[in-house]
Amino acid sequence: MAIYYVFQIDKSIMMNEYIFKVFFIDIEVLEMETKSYNAFRTAQQQFDNIAGHINLDSGTRDLLRVPMREYHINFPVRMDDGSVRVFQGFRVQHNDALGPGKGGIRFHPLETIDTVRALSMWMTWKCSVVDIPLGGSKGGVVCDPHHLSLREQERICRGWIRQIARDIGPVRDVPAPDVMTNGQHMLWMLDEYETITGAKYPGVITGKPVGMGGSLGRTEATGFGVIFTLREALKELGIAPSNTCASVQGFGNVAQYAIQLYNQLGGKVICVSCWDQSEGSSFSFRKKDGISLDELRGITDRFGGIDREKALSLGYEILPGDAWLEQEVDILIPAALENQITSSNSGKISSRVKIIAEAANGPTSPDADEELKKRGIFLIPDFLANAGGVTCSYFEQVQNNMNYYWEKDEVIGKLDIKMTSAFMAVSELARKKDLYMRDAAYIISVTRVAEACKQRGWA
Ligand code: NAD
């Protein structure tokens, strides 16, 4: 059992400085967090279950349960007060058998390598389940944008790219926005990449602002994609959306657009929750006759935090952070973070809940999954439900390559087709073989990736 590292002293291209780089060239064992929840352990557990189920051979199993490559970087950033702070970042490329790696980059103070590993693995399954020719990657920087000026955030974006530029690229690995990063961050990263390479590569990063290589519809894509799958699930269960109500965890990009489309279908959201930075805890906001999306958007900061005072004055009940899960609703949409539905709180889910649409990545722990299965709750698994973002990122790349941009209706129409056919393939298999939706989605994804690895002669 050994981990091999290559250490390299590297001269930064942009800053006349020497930078310390660490490459993993071979990984037999990945160090794990010792914390009680470990996203990578969950991802591996889910994979192991499916590998057993489909009798995957041991070579392919060993290949797919760990990332193919990972980069650990530390880079200096000049802060506004003139000091230099060194930030830690990661890029993990889980598997690229189906095409160049694809996956977001998160800015989060509690980012860990195991979270990034898990998310990169989930990206592999996500691209595969919606049948797009991309692999799975993910990146992160340990930082808290709440306490950083925009200039400092720009320098972090540029610093991250300087360190990783040679290991990503339009035909290698393509980052995108994720938690606490947005189109502006992507544009700074693109600009740094193009400065380093001396050419225009709009396809090196997706989620760029519209007019700067971004695709119309990308902002809405993940939230809308969640609702396209929810719409199909409701159809399958014979329930009209207008007869349903929902509770949502989170009020960021994904949650807001999911609520928008769900409202358009006639559904009513009665509760949302978000993180309150000043209190260091989360809160739920409830209006039993339905929250108003526009009203709440008007009192929400750019991190998806709702102003409690203003919400109170608008007649919202302010409840504890986990109250969103306990509401008497038909649909739960976790759209914030991983590990939010666990065996310790799943018992609090109302008997009325029929569907859980996992908008966030990894919101349900494996033991809670078992309970949801027993209760017969229809689960739309994360890597299917939230695949709209990466699908639209793929459309963005296609448009970048053509240098021709589609109208928004065309993008959303194509997204609907992709999401709906992916959902139907998974639900058909689930019905035929009497499988839990997560297991059916995994079987389809893992089989496609394993087959690609075999065809390439990797396993
Ligand atoms: P975001 O940063 O825009 O919003 C996150 C929201 O979650 C905010 O409202 C925040 O206040 C809330 N939140 C954070 N911690 C919370 C807690 N403990 N309890 C309640 N609320 C909390 O992020 P986003 O882009 O909307 O992403 C949300 C989830 O969806 C993440 O799991 C992300 O990985 C996943 N996802 C995002 C995309 C995308 O395109 N943005 C694509 C696929 C998956």
Side-chain angles (χ1 to χ4, degrees), residues 14 100 102-107 132 134 139 145 148-162 164-165 168-225 252-258 260-261 264 293-294 297-298 300-304 386-419:
M14 296 304 297
K102 189 84 195 77
I105 165 161
R106 298 154 43 113
F107 282 1
I132 54 179
L134 297 170
L148 295 163
S149 72
L150 280 179
R151 288 302 108 202
E152 288 168 339
Q153 290 180 46
E154 175 179 350
R155 287 182 216 120
I156 289 175
C157 290
R158 292 183 186 278
W160 188 82
I161 283 291
R162 278 198 297 274
I164 212 78
I168 61 166
V171 292
R172 235 179 225 148
D173 178 14
V174 182
D178 205 295
V179 172
M180 288 202 267
T181 55
N182 57 37
Q184 177 62 74
H185 296 102
M186 297 307 109
L187 195 52
W188 287 325
M189 289 183 184
L190 171 76
D191 185 67
E192 191 66 25
Y193 185 85
E194 291 184 340
T195 305
I196 291 167
T197 55
K200 296 294 169 195
Y201 288 104
V204 71
I205 253 165
T206 59
K208 302 177 291 292
V210 172
M212 294 300 298
S215 173
L216 289 166
R218 176 61 184 88
T219 315
E220 296 88 344
T222 307
F224 277 17
N253 168 274
V254 178
Q256 290 185 27
Y257 285 104
Q260 183 175 317
L261 190 59
Q264 280 171 23
L293 181 62
D294 289 342
R297 270 179 171 157
T300 298
D301 65 26
R302 66 197 162 97
F303 301 108
N386 69 30
V390 73
T391 304
C392 195
S393 282
Y394 164 60
F395 294 159
E396 183 175 330
Q397 272 195 307
V398 172
Q399 293 170 78
N400 291 154
N401 291 343
M402 292 190 299
N403 205 9
Y404 175 78
Y405 292 83
W406 305 331
E407 295 302 324
K408 189 164 173 175
D409 282 355
E410 190 172 351
V411 176
I412 301 295
K414 283 182 160 66
L415 180 66
D416 194 349
I417 292 169
K418 268 281 178 207
M419 295 301 295

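Position 1 is the first residue of the sequence, and the numbers go up from there.
Under a 3.5 Å cut-off, the side chain of Lys418 and the backbone N or O of Thr391 do not form any donor-acceptor pair. Using modelled atom types, one side-chain atom of Asn182 and one backbone atom of His185 make a donor-acceptor pair closer than 3.5 Å. A donor-acceptor pair is defined here as one N or O able to donate and one able to accept, closer than 3.5 Å; such a pair exists between the side chain of Ser149 and the backbone of Glu152. Although no hydrogens or angles enter the test, the distance criterion places a donor-acceptor pair under 3.5 Å between the side chain of Glu396 and the main chain of Gly207. In terms of modelled atom types and a separation under 3.5 Å, the side chain of Asn401 and the main chain of Gly203 share no donor-acceptor contact.
Looking at residues two or more places apart in sequence or on another chain, you find a salt bridge (charged side-chain N to carboxylate O under 4.0 Å, His left out) between Glu154 and Arg151, Arg158. Not a single salt bridge (charged side-chain N to carboxylate O under 4.0 Å, His left out) links Asp301 to another residue, sequence neighbours left out. The salt bridge (charged side-chain N to carboxylate O under 4.0 Å, His left out) search around Arg155 returns Asp80, not counting sequence neighbours.
Side-chain contact between Gln399 and Val411: present, with at least one pair of heavy atoms (C-beta onward) separated by less than 4.5 Å. Residues Glu192 and Trp160 form no side-chain contact, since every pair of their non-hydrogen atoms from C-beta on lies 4.5 Å or further apart. Residues Ile161 and Ile205 meet the side-chain proximity criterion, which asks for heavy atoms closer than 4.5 Å. With contacts defined as side-chain heavy-atom distances shorter than 4.5 Å, the pair Val174/Gln397 qualifies. Side-chain contact between Gln260 and Phe224 is present, with at least one heavy-atom pair separated by less than 4.5 Å. Met180 is not listed as a side-chain neighbour of Arg302, based on a closest heavy-atom distance of 4.5 Å or more. Looking at Met419 and Leu415, their side chains come closer than 4.5 Å, going by heavy atoms from C-beta outward. Considering only heavy atoms from C-beta on, Lys102 comes within 4.5 Å of Ser393 through its side chain.
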Report task. Under the side-chain contact (heavy atoms from CB on, under 4.5 Å) rule, what do Glu220 and Leu261 come out as? Steps first, then yes or no, please. Result -> CA-CA 9 Å; Glu220 296 88 344; Leu261 190 59; over 6 Å; no

**Report entry** Full working for side-chain contact (heavy atoms from CB on, under 4.5 Å) between Thr222 and Val254
**Finding:** CA-CA 6 Å; Thr222 307; Val254 178; 3.7 Å; yes

Report task. Evaluate the criterion side-chain contact (heavy atoms from CB on, under 4.5 Å) for residue pair Thr181 and Met189; output intermediate values, then yes/no. Result -> CA-CA 11 Å; Thr181 55; Met189 289 183 184; 5.5 Å; no

Query raised in the report: Hey, mind stepping through Glu194 and Val204 against side-chain contact (heavy atoms from CB on, under 4.5 Å) and telling me if it holds?
Result: CA-CA 9 Å; Glu194 291 184 340; Val204 71; 5.7 Å; no

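What you find for Pro100 and Pro170 is that their closest heavy atoms are CG-O, 3.9 Å. Across all non-hydrogen atoms, the minimal contact from Gly217 to Ile412 is CA-CD1, 4.0 Å. The two residues Phe107 and Ile156 have their closest heavy-atom pair at CZ-CG2, 3.8 Å. The two residues Asp173 and Ile168 have their closest heavy-atom pair at O-CB, 3.3 Å. Between Thr219 and Tyr257, the closest heavy-atom pair is O-CD1, 3.5 Å.
From Met212, atom CE reaches atom CD of Gln184 across 9.5 Å, with rounding to the nearest 0.5 Å.
Cation-pi check for Arg172 over Tyr193 is not met; the charged atom does not lie both under 6.0 angstrom from the ring centroid and within 45 degrees of its normal.
One side chain, Asn400 or Tyr405, offers a donor N or O that lies under 3.5 Å from an acceptor on the other.
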